[in-house]
Amino acid sequence: MDTSNDFQQFQNLKVEQLPIAKNKLHNWTHFAGIYAAEHVAATEFVIGATFVALGATTKDILLGLLIGNILAVISWTLITSPIAVDTRLSLYTYLNKIAGDSMTKLYNWANVIIFTVISAAMITVSATAVRFAFNIPPQLNWHPTNPWFVLIVLIVGSVVVSIAIYGFKAVSEFAGICAPWLFVMFTCGAFVLLPALSIEVLEKTIPSGWSDFIALGNQSIWTGINSDGEPGIGLTEVIGFAWAANTITHFGLIDMALFRFAKKKSYGLATSTGMMFGHYVAWISAGIMGAGAAVIIGKSIVELDPGDVAYYALGWSGFVIVIVAGWTTAVANLYRAGLAAQAIFTNHSRKKTTIIVGLVTMIVACFPFVFSQMLPLLTYAGLLVVPVGAIVFAEHQIFPRIGYTRYWLHFRQLTFSTPAVASWALGLVFGFGLNALDVMSFFYLFLPTWVFTIIIYTVLAGRYGAKNKYPEAEAKEKLRNSNIQKFQEQQAEKDIIPVKDKSLLTKVLHIISLLALIITVVLGCIVLFGSANEELYIQNREQFYDYAFICTIIYFISAYWALKRGKTKNIALS
């Protein structure tokens, strides 16, 4: 059979419109790195303060965050990664096959806006840290009031855009460098400021045991009393908060864009680096750092910005962590925004759409209000996209099991799906209606909304043609998928792949970067465990500030150098 015409058709398509080829797939370490870096973000400082303001107790925080983040990992593993690995498509492309062009464009525009604002907020946070370092006045209005702040935003934003335009590999490599350092610094930040709290509450530099730590937390951090002086949220709300924080990416299936590169469906478990070490450890550490910084400065934790907290926890390294943590989240979300834009403007490459979206993002980032409103945005954005995730889940996972035809709309060559649009609209009415009626915690609204939308879409799709069989169209689809695989195998023969560098210098660079992290941890432990009195604690803390910053510089230079050396040698697959 002559497949040259089909191959020419595939050649003319953008890479993002085709399933990911086998030779482009990645091991679990890529996903562990990218989730670790993305979910240890500058927002963790804000969320750490949020739990304090909401009035959670120490035990509820420790147990609730553990359960909620485990549920989030399970959601990625059972819902998102299986569909992504089956299709090898991003949601932005796959949705067109299920719901038609009209709904897909509307949905993709919503995602462009959501992820543009999230990226802009993270760039603003990073710029705030630089602002603090150069003594530029705080930006408290909705618009910028200092031209130097605008310049800093544009410089910081240009770094984010530069990384994002190079695609998934660049994003994962950047995350892989940042993630280990972010873990170390968030942990050490808690080590450094816990003695300040202990001196204030327990009159000694370190809690004697578990009961002392719980007492310290209940009295100075997670007191169980909210900012209005009333009893705060309980265990179920903490669990719901942790689980719902990323509904946009797991139940909403946005992270199909990342997991389409996964070799196995089980790689969804790699999100545990972001959830357990990132959200769990980082949120708890942020609470400790915020409370400790508040004691030192003499303010309430809710009055501090990320720059204040990071500086008093980590010194000059604190400025770096706010910048880097903002970058890692902004890069991943700008990559998603670029994908969504490319799915709308299919005649343009993902790089071009990412650059355009990135320029808009940098302009939006100049307006400080985006960061202050980000948490409400994330919450409502999750509820907005969950019904769409439910529609895709129903068609991909449920339809084949109940005898319905997957891709029935595509087989009928329709561009508008009444069942999909109606289900999305009814899902939104149902979800926001439950919120208006206040019948349950807002954090759990995504669950009944998801189930409701699945039921509605299944019923409506059955009436509009999903119950019917389309043998000829299915045969053509199967042949097309086979041709795509052959085309990609043919293209893979022309590819150039990097050869892992095993030279002595590269090994030494890896050792140096590892030693920099180990020394930083040791310095943090000295502050926590080696401060017998307040005077020695202050001395150890100042020592940590100085040497941890030196270790930070050494780590990034050696880690980046090792990465660059590892990419210098290439061979052709053929």
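Values in this document were obtained by computation on a predicted structure and should not be read as measured data.
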Stepwise, does the side-chain contact (heavy atoms from CB on, under 4.5 Å) test hold for V85 with K264? CA-CA 7 Å; V85 171; K264 298 178 182 179; over 6 Å; no

Atom of C366, atom of V150 and distance for their closest heavy-atom approach: SG-CG1, 3.8 Å

To check you understand the geometry: which heavy-atom pair defines the closest contact between M275 and A72, and what is its length? SD-CB, 3.9 Å

Tell me, yes or no, whether the heavy-atom count around E542 atom CD, taken from other residues, nucleotides or ligands under 6.0 Å, exceeds 12. yes

What residues, two or more places apart in sequence or in another chain, satisfy ring-ring contact (aromatic ring centres under 6.0 Å, His included) together with F115? none

Would you say Y547 has more than 12 foreign heavy atoms packed within less than 6.0 Å of its OH? no

Would you sort out whether T187 and V521 count as a side-chain contact (heavy atoms from CB on, under 4.5 Å), showing the intermediate values? CA-CA 8 Å; T187 304; V521 173; over 6 Å; no

According to ring-ring contact (aromatic ring centres under 6.0 Å, His included), does anything in residues 215-234 pair up with another residue at least two apart or in another chain? List the pairs. none

Note, I550 side chain near D546 side chain (heavy atom, < 4.5 Å): no

Residues S220 and V201: closest non-hydrogen pair is CB-CG2, 3.6 Å

Set of residues satisfying ring-ring contact (aromatic ring centres under 6.0 Å, His included) with respect to F191, sequence neighbours excluded: none

Got a sec, which residues hit ring-ring contact (aromatic ring centres under 6.0 Å, His included) with Y280, two or more places apart in sequence or on another chain? none

Okay, side chain of N533, backbone of E535: is any donor-acceptor separation there less than 3.5 Å? yes

Between the CG atom in L154 and the CZ atom in F149, the distance rounded to the nearest 0.5 Å is 10.0 Å

Residue set satisfying ring-ring contact (aromatic ring centres under 6.0 Å, His included) with F277, at least two apart, ordered chain then number -> F183

Show the numbers, then the answer: is there a side-chain contact (heavy atoms from CB on, under 4.5 Å) between I214 and L62? CA-CA 10 Å; I214 296 296; L62 296 177; 4.0 Å; yes

Keeping the roles fixed (side chain from Y312, backbone from G318), state whether a donor-acceptor pair exists under 3.5 Å. no

How close do A120 and V364 get, counting heavy atoms only, and between which atoms? CB-CG1, 3.7 Å

Could you tell me whether a side-chain N or O of T80 sits under 3.5 Å from a main-chain N or O of M256, the two making a donor and an acceptor? no

When rounded to the nearest 0.5 Å, the distance separating CZ of F31 from OG1 of T29 is 9.0 Å

When rounded to the nearest 0.5 angstrom, what distance separates CG in L514 from CG in L509? 12.5 Å

Looking at residues at least two apart in the chain, or sitting in another chain, which of them share a side chain to side chain donor-acceptor pair (under 3.5 Å) with S531? N540

Name the orientation class of the two ring planes belonging to H26 and H30 (parallel below 30°, tilted from 30 to 60°, perpendicular beyond 60°). tilted

Heavy atoms, side chains only, cut-off 4.5 Å: are N69 and V73 in contact? no

List in chain and number order the residues that pass salt bridge (Lys or Arg N to Asp or Glu O under 4.0 Å) with K204, two or more places apart in sequence or in another chain; answer none if no residue qualifies. D212

So L269 and W28, do their side chains get closer than 4.5 Å, heavy atoms only? no

With D255, which residues qualify under side chain to side chain donor-acceptor pair (under 3.5 Å), at least two apart? Y35, W76, R336

Could you measure the distance from the NE2 atom of H250 to the OG atom of S81? Nearest 0.5 Å is fine. 12.0 Å

In Å, rounded to the nearest 0.5 Å, how long is the span from CD1 of I79 to OG1 of T249? 11.0 Å

Where V192 and R541 come nearest, the two heavy atoms and their spacing: CG1-CG, 3.5 Å

Is there a side-chain contact between I70 and M276 in this structure, where contact means two heavy atoms from C-beta onward sitting under 4.5 Å apart? yes

May I ask you to decide if G234's main-chain N or O and E237's side chain share a donor-acceptor pair within less than 3.5 Å? yes

Looking only at side-chain N and O atoms, does S119 offer a donor or acceptor that is under 3.5 Å from a partner on T361? no

Not counting sequence neighbours, which residues clear side-chain contact (heavy atoms from CB on, under 4.5 Å) with L151? List them please. W148, I155

Can you tell if the side chain of T77 reaches within under 4.5 Å of the side chain of S266, non-hydrogen atoms only? no

I'd like to know if the side chain of S513 and the backbone of A559 have a donor-acceptor N/O pair within less than 3.5 Å. no

Determine yes or no for a side-chain-to-main-chain donor-acceptor pair under 3.5 angstrom, with N218 supplying the side chain and T58 the backbone. yes

Is there a side-chain contact between V320 and F549 in this structure, where contact means two heavy atoms from C-beta onward sitting under 4.5 Å apart? yes

Any heavy-atom pair between the side chains of I296 and L193 that's under 4.5 Å? yes

Provide the full list of ring-ring contact (aromatic ring centres under 6.0 Å, His included) pairs with a residue in residues 525-545, sequence neighbours left out, each pair given once. none

Can you check whether A190's main-chain N or O pairs, donor with acceptor, with S285's side chain at less than 3.5 Å? no

Under the criterion side-chain contact (heavy atoms from CB on, under 4.5 Å), I'd like the reasoning laid out for I177 against Y560: C-alpha separation, chi angles, the key distance, then a yes or no. CA-CA 7 Å; I177 291 177; Y560 180 73; 4.2 Å; yes

What pairs with T57 under side chain to side chain donor-acceptor pair (under 3.5 Å), at least two apart in sequence or on another chain? D60

Tell me, do I233 and F241 make a side-chain contact under 4.5 Å, heavy atoms counted? no

Quick one: side-chain contact (heavy atoms from CB on, under 4.5 Å) partners of L78, sequence neighbours excluded? I74

Run the ring pair (Phe, Tyr, Trp, His ring centres under 6.0 Å) test on F259 and Y267 for me, step by step, so that the C-alpha distance in whole Å, both residues' side-chain angles and the decisive distance to 0.1 Å come before the verdict. CA-CA 8 Å; F259 281 113; Y267 287 3; 8.4 Å; no

Distance in Å, I221 CD1 paired with I61 CD1, rounded so as to fall on 0.5 Å steps: 10.0 Å

Using modelled atom types and a 3.5 Å cut-off, is there a donor and acceptor pairing between side-chain atoms of Y444 and backbone atoms of T236? yes

Nearest non-hydrogen partners of A381 and I114, listed with the distance: CB-CD1, 3.7 Å

